[in-house]
Amino acid sequence: MLGRLGTALGSPIKASVVSFILGFVLLCAVVVFRDHGLNLGKAIRGHNPPWMWIGGLLGAVVVLMTSWLSPQLGTGLTVLVVLVVLIGQVTGGL
């Protein structure tokens with residue numbers, strides 16, 4: 001989907017931005033209606049490691065690379081590349 005959107009928009013970066021905007025809007029609606037707001041204060045004031053905040057950045061890189069690689073490598077090979085990345089993440093998390 002991202003590869004096709006990137007081709008239609010003429011840029012994998014634009015496809016990634018559109019994807020994240022739509023995802024952001026959906027998640028905001030879920031947070032507002034289900035959890036009645038976002039409480040970042042507790043997480044910011046807590047003694048949490050700084051690396052926990054970079055998940056969104058890494059997700060953005062994965063989405064951008066997926067939208068860029070799909071037209072270059074094809075969908076099947078792109079899915080395999082993403083699968084290898086996910087296996088690496090799961091292995092690292094163990």
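These numbers come from a predicted model, not from an experiment.
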Requested in this report: Taking atom CD1 of I13 as the centre, report whether more than 12 heavy atoms of other residues, nucleotides or ligands fall under 6.0 Å from it.
Outcome: no
**Report entry** Heavy-atom closest pair, residues P12 and S67
**Finding:** O-OG, 3.1 Å
Report summary line: Taken to the nearest 0.5 Å, the spacing of L83 CG from I87 CD1 works out to 4.0 Å
Query raised in the report: Out of curiosity, T75 OG1 to L80 CG, how far, rounded to the nearest 0.5 Å?
Result: 11.0 Å
Query raised in the report: Cluster question for you: counting only ILVMFWY and a side-chain heavy-atom cut-off of under 4.5 Å, with indirect links fine, are W68 and V61 together?
Result: yes
**Report entry** From K14 atom NZ to L64 atom CG, the distance as rounded to the nearest 0.5 Å
**Finding:** 13.5 Å
Query raised in the report: What are the two closest non-hydrogen atoms of F20 and A60, and how far apart are they?
Result: CZ-CA, 3.3 Å
Query raised in the report: Is V63 reachable from I54 through a run of hydrophobic residues whose side-chain heavy atoms are each under 4.5 Å from the next?
Result: no
Query raised in the report: Cluster question for you: counting only ILVMFWY and a side-chain heavy-atom cut-off of under 4.5 Å, with indirect links fine, are V30 and F24 together?
Result: no
**Report entry** Spacing of CG belonging to L38 relative to CG belonging to L27, to within rounding of 0.5 Å
**Finding:** 10.5 Å
**Report entry** Test item: T7 side-chain N/O and G3 main-chain N/O as donor-acceptor pair under 3.5 Å
**Finding:** yes
Report task. Measure the spacing between CE of M1 and OG of S70 and express it to the nearest 0.5 Å. Result -> 10.0 Å
Report task. Please tell me if the side chains of I44 and W53 come closer than 4.5 Å, counting only heavy atoms from C-beta onward. Result -> yes
Report task. Determine the sole option in T78, V81, V79, V85 for which the side chain to side chain contact (heavy atoms under 4.5 Å, CB included) test with T66 is passed. Result -> T78
